[in-house]
Amino acid sequence: MATPPGPARTDELAEQIVGTYFALRAAMTILAVGLPVVLIGWSLLGSALPVLGSISEYYWSPARDVFVGALVGTGITLICYRGYGPLENRLLNVAGTLLVVVALVPTDPPGDEAFGLRMAVHAAAAVGFFVTFAASVWWCADDTLGSSDDPARRIRRYRTAYRVVAFVVVIAPLTALAIVLLSGQGALAVLVVEAVAVVTFGGYWALKSYELRGTELVEPLR
């Protein structure tokens, strides 16, 4: 007959589970914030790769592996990440799946003025990803605040920050899409607003980790 695990083993297992949870969020922060930094830095430091008009255009550059790897890695992490509730979990699964589509169905090559089917699929998946992620933040990010030991003023700041995140990650990609439709690919403004949206996405996971460390949900790490 197996001996049930003692309190020490149970605490160790709980610490490993919670630690893995935080590691997934850290990975999404690093991948998202690092993507525009690496791509733009590559262009600024290497004369062979100019600064392109959007993050997606880097698919057609020597930095393709970085672009595809970061997006697929983030998408799979979102799918593997278990949301705090069923709604958050479903929304993040959809967002992760759409992000993999963004990575594997590229934009049209730079200089191609046609807005074809491939470009339409890429754009729809990208906007869908940000909208779905924003919905998860808007409707679900507050769920863990009920377990917070933080003062009421800080909790209000978290709620405000989460609303700002949801707003930015919807408005920025829609703005980028509007610029593409009006001006075509290659507009530097598209790169800027895309970078803002991606960095905001990554920053959310860092902020969420910081918030959770003030709750009773992470007792094993204290």
Quiz prompt | Test log, rule side chain to side chain contact (heavy atoms under 4.5 Å, CB included), inputs Trp42 and Val66 | solution = CA-CA 11 Å; Trp42 191 331; Val66 175; 3.8 Å; yes
Quiz item: More than 12 foreign heavy atoms under 6.0 Å from CZ of Arg90: is that the case here?
Solution: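 Incorrect, the count does not exceed 12.
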Kindly give the heavy-atom pair with the smallest separation between [X] and [Y], and that separation in Å.
X	Y	answer
Val199	Val33	O-CG2, 4.2 Å
Leu52	Leu191	O-CD2, 3.3 Å
Leu71	Ala103	CB-CB, 3.6 Å
Val190	Ser54	CG1-CB, 3.5 Å
Ala70	Leu35	CB-CD1, 3.8 Å
Ala176	Val193	CB-CG2, 3.5 Å

Could you measure the distance from the [atom1] atom of [X] to the [atom2] atom of [Y]? Nearest 0.5 Å is fine.
X	Y	atom1	atom2	answer
Thr74	Leu31	OG1	CG	4.0 Å
Ile55	Ile40	CD1	CD1	6.5 Å
Tyr162	Lys208	OH	NZ	4.0 Å
Met28	Arg25	CE	CZ	7.5 Å
Phe67	Ser61	CZ	OG	9.5 Å
Leu44	Leu49	CG	CG	9.5 Å

Is [X] linked to [Y] within one hydrophobic cluster, defined over Ile, Leu, Val, Met, Phe, Trp and Tyr using a side-chain heavy-atom separation of less than 4.5 Å?
X	Y	answer
Val37	Ile30	no
Val100	Tyr58	yes
Leu24	Val72	yes
Val94	Ile79	no
Val137	Val168	no

Quiz item: Does the pair Val68 and Leu104 meet the rule for a side chain to side chain contact (heavy atoms under 4.5 Å, CB included), with working shown?
Solution: CA-CA 7 Å; Val68 174; Leu104 300 182; 4.2 Å; yes
Exercise. Could you check Phe130, Phe133, Tyr210, Phe167 and say which one makes a ring pair (Phe, Tyr, Trp, His ring centres under 6.0 Å) with Tyr204?
Key: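 Testing each of Phe130, Phe133, Tyr210, Phe167 against Tyr204, the sole residue satisfying ring pair (Phe, Tyr, Trp, His ring centres under 6.0 Å) is Phe133.
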Practice problem: Evaluate the ring planes of Trp205 and Phe201, with Trp represented by its six-membered ring, and classify them as parallel (under 30°), tilted (30 to 60°) or perpendicular (over 60°). | Solution: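 Plane angle over 60°, so perpendicular.
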Exercise. With side chain to side chain contact (heavy atoms under 4.5 Å, CB included) as the test, would you mind laying out the steps for Leu207 and Tyr158 before giving the verdict?
Key: CA-CA 8 Å; Leu207 177 63; Tyr158 283 131; 3.8 Å; yes
Any non-hydrogen side-chain atom of [X] less than 4.5 Å from a side-chain atom of [Y]?
X	Y	value
Trp60	Pro106	yes
Glu194	Pro173	no
His122	Leu117	no

Quiz item: Thr144 and Glu211: side-chain donor and acceptor closer than 3.5 Å?
Solution: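 Short answer, yes.
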Quiz prompt | Short side-chain donor-acceptor distance under 3.5 Å, Arg82 and Tyr21 | solution =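 There is no such pair (donor and acceptor under 3.5 Å, judged by atom type) between the side chains of Tyr21 and Arg82.
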Quiz prompt | Among Val102, Val170, Leu174, Thr132, side-chain contact (heavy atoms from CB on, under 4.5 Å) partner for Val127 | solution =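 Answer after filtering Val102, Val170, Leu174, Thr132: Leu174.
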Self-check item: Stepwise side chain to side chain contact (heavy atoms under 4.5 Å, CB included) check, Ser43 with Leu39
Solution: CA-CA 6 Å; Ser43 291; Leu39 295 180; over 6 Å; no
Quiz item: Members other than Trp139 in its cluster, when Ile, Leu, Val, Met, Phe, Trp, Tyr link by side-chain heavy atoms under 4.5 Å?
Solution: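 Joined to Trp139, directly or through intermediates: Leu87, Leu91, Trp138.
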Quiz item: Is there a donor-acceptor pair closer than 3.5 Å between any side-chain N or O of Thr200 and the backbone N or O of Val169?
Solution: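 Flag not set: sc Thr200 to bb Val169 has no pair under 3.5 Å.
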Quiz item: Counting only N and O atoms by type, is there a donor-acceptor contact under 3.5 Å from the side chain of Ser56 to the main-chain atoms of Thr107?
Solution: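 No, because the side chain of Ser56 does not come within donor-acceptor range (under 3.5 Å) of the backbone of Thr107.
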